[in-house]
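These notes are about the structure you will find just below.
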Amino acid sequence: MKKEIILKGNGFILRLYKKGDELSLSKNANNKKIAQNMFLGFPSPYTLEEAKKWVGICLKKNKIGPITGFVIDIDGEVAGTVGGEIDKKKPFMLGFGYWLGEKYWGKGIMSEATKLYIDYIFKDFKKINRIESSVFPWNEGSKKVLLKNGFKLEGISRKSYLKDGKIIDVYHFAKLRNE
Ligand SMILES: CC(C)(COP(=O)(O)OP(=O)(O)OC[C@H]1O[C@@H](n2cnc3c(N)ncnc32)[C@H](O)[C@@H]1OP(=O)(O)O)[C@@H](O)C(=O)NCCC(=O)NCCS
């Protein structure tokens, strides 16, 4: 199933994981400022062992398909990722998430990577009608990335998530195919 997909951005590309990505993945992802914005499942610390596990999972997944996860590659490094899961029970929906290494923040990279990603999803997955993404209240950068890409804030689930020992609100955004 694996096919080579490369989506070109300004100063970066979106590509599939490959062997050899482990070191730069752990280097750029191992950052509390990233982890504090991520949902369950994002390792912290992001050790080399964790990176090896994750790259292994992605390589297997890409062999089977569908391909819904990409590395943001800058100069050959895993600078960040954009990816999503198609809801098994609702195959018309995809949950979308992303992170970027701190040294690359504030340059418009995630706004553009998100655009490339959602264009790819809506073009290649005709059944997907809705892409959704959830954000913690303090994450203004991430809210802006979504709003700039046509996502709408659909609601706030109050006191609905346990993060680092605190019960917090979660902001829910979504974009429909025809928007
Ligand atoms: C959130 C994140 C993805 C943003 O990536 P980025 O490439 O720096 O974002 P962009 O440069 O495209 O910025 C998008 C907009 O948000 C603004 N912005 C970025 N960081 C911001 C911040 N901390 N506070 C307020 N605004 C911010 C930018 O100024 C830009 O607005 P503009 O286009 O009007 O100038 C990145 O900071 C990150 O990976 N953070 C940690 C992990 C994370 O939060 N993941 C998402 C979980 S929901």
Side-chain angles (χ1 to χ4, degrees), residues 7-15 17 21-47 50-51 54-55 57-58 68-87 93-121 130-176 179:
L7 306 174
K8 288 196 174 122
N10 188 11
F12 67 89
I13 57 167
L14 302 186
R15 62 154 171 88
Y17 273 100
D21 278 340
E22 300 81 358
L23 198 60
S24 64
L25 169 61
S26 76
K27 189 182 80 178
N28 286 315
N30 187 26
N31 183 340
K32 284 199 176 128
K33 290 188 201 160
I34 296 175
Q36 73 190 9
N37 290 301
M38 304 296 286
F39 285 82
L40 201 70
F42 191 85
S44 182
Y46 210 125
T47 60
E50 293 288 356
W54 182 244
V55 173
I57 290 169
C58 293
T68 54
F70 295 95
V71 161
I72 302 172
D73 178 314
I74 299 178
D75 298 330
E77 285 203 5
V78 180
T81 64
V82 283
E85 283 291 326
I86 298 170
D87 190 320
M93 295 199 346
L94 176 128
F96 169 51
Y98 44 82
W99 65 268
L100 187 67
E102 189 176 358
K103 66 177 169 181
Y104 306 105
W105 290 359
K107 299 175 176 174
I109 292 170
M110 197 54 82
S111 298
E112 193 186 352
T114 295
K115 181 179 185 328
L116 292 173
Y117 183 80
I118 59 184
D119 286 353
Y120 161 77
I121 293 292
R130 173 184 165 91
I131 301 178
E132 51 184 31
S133 193
S134 298
V135 180
F136 298 147
W138 54 81
N139 197 346
E140 297 305 331
S142 187
K143 288 177 198 167
K144 220 160 173 195
V145 164
L146 295 171
L147 291 170
K148 280 174 69 179
N149 275 290
F151 283 73
K152 293 201 168 113
L153 177 63
E154 295 188 329
I156 300 167
S157 50
R158 295 169 304 151
K159 306 289 173 224
S160 62
Y161 194 76
L162 183 63
K163 179 70 180 168
D164 301 330
K166 287 198 180 117
I167 299 173
I168 60 165
D169 297 348
V170 178
Y171 283 54
H172 299 283
F173 293 84
K175 181 178 171 85
L176 303 183
E179 289 177 340

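Both counts, for ligands and for their atoms, begin at 1 and track the order of listing. What you are looking at is a predicted structure, and each value in this text was computed from that prediction instead of being measured.
The closest protein non-hydrogen atom to atom 39 (O) of ligand 1 is L100 N, 2.8 Å. Protein heavy atom in closest approach to atom 21 (C) of ligand 1: G141 CA, 3.4 Å. The nearest protein atom to atom 44 (O) of ligand 1, hydrogens excluded, is given as N139 ND2, 2.7 Å; this is a heavy-atom distance. If you check which protein heavy atom lies closest to atom 7 (O) of ligand 1, you get M110 N, 2.9 Å. In terms of protein heavy-atom proximity, atom 1 (C) of ligand 1 is closest to S142 N, 3.7 Å. Nearest protein heavy-atom contact of atom 43 (C) of ligand 1 is N37 CB, 3.7 Å.
Residue contacts with ligand 1: V145 is placed with no nitrogen or oxygen under 3.5 Å of a nitrogen or oxygen of the ligand (distance criterion only). Looking at K144 next to ligand 1, an N or O pair under 3.5 Å apart turns up. At a 3.5 angstrom cut-off on N or O pairs, G108 counts as close to ligand 1. For a threshold of 3.5 Å applied to N or O pairs, the pair formed by G106 and ligand 1 contains at least one separation below that value. Checked against a 3.5 angstrom limit, the closest N/O atoms of Y104 and ligand 1 fall outside it. Between M38 and ligand 1, a contact under 3.5 Å exists for no N or O pair.
For the pair R15 and D21, the salt-bridge criterion is met [side-chain N within less than 4.0 Å of a carboxylate O]. Ion pairing between a basic and an acidic side chain is recognised when a charged N comes within 4.0 Å of a carboxylate O; K143 and E140 show such pairing.
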Show your working on ring pair (Phe, Tyr, Trp, His ring centres under 6.0 Å) between F70 and Y120 and close with a plain yes or no. CA-CA 11 Å; F70 295 95; Y120 161 77; 5.1 Å; yes
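The atoms of ligand 1 that sit less than 4.0 Å from any heavy atom of E140 are 24 (N), 25 (C). The ligand atoms of ligand 1 that sit less than 4.0 angstrom from a heavy atom of S134 are 48 (S). The atoms of ligand 1 that sit less than 4.0 Å from any heavy atom of S111 are 10 (P), 12 (O), 13 (O), 14 (C). For ligand 1, the atoms closer than 4.0 angstrom to any heavy atom of K148 are 32 (P), 33 (O). Listed by number with element, the atoms of ligand 1 under 4.0 Å from a non-hydrogen atom of K107 are 11 (O).
K159 places a side-chain heavy atom less than 4.5 Å from the side chain of D169.
In this structure, OG in S142 is found 9.5 Å from CG in L147, a value given to the nearest 0.5 Å.
S133 does not count as a contact of ligand 1, since none of its heavy atoms falls under 4.0 Å from the ligand.
Ring orientation note: the planes of Y117 and F96 are close to parallel, at an angle under 30° on the 30°/60° scale.
Counting heavy atoms of neighbouring residues, nucleotides and ligands inside a 6.0 Å radius, atom CH2 of W54 does not exceed 12 of them.
The parts of Y98 lying near ligand 1 are both backbone and side chain, judged by heavy-atom distances below 4.0 Å.
Of the protein's heavy atoms, none falls inside 4.0 Å of atom 28 (C) of ligand 1.
Residue W105 holds the heavy atom nearest to atom 38 (C) of ligand 1 of all those in W105, W99, F96, F42.
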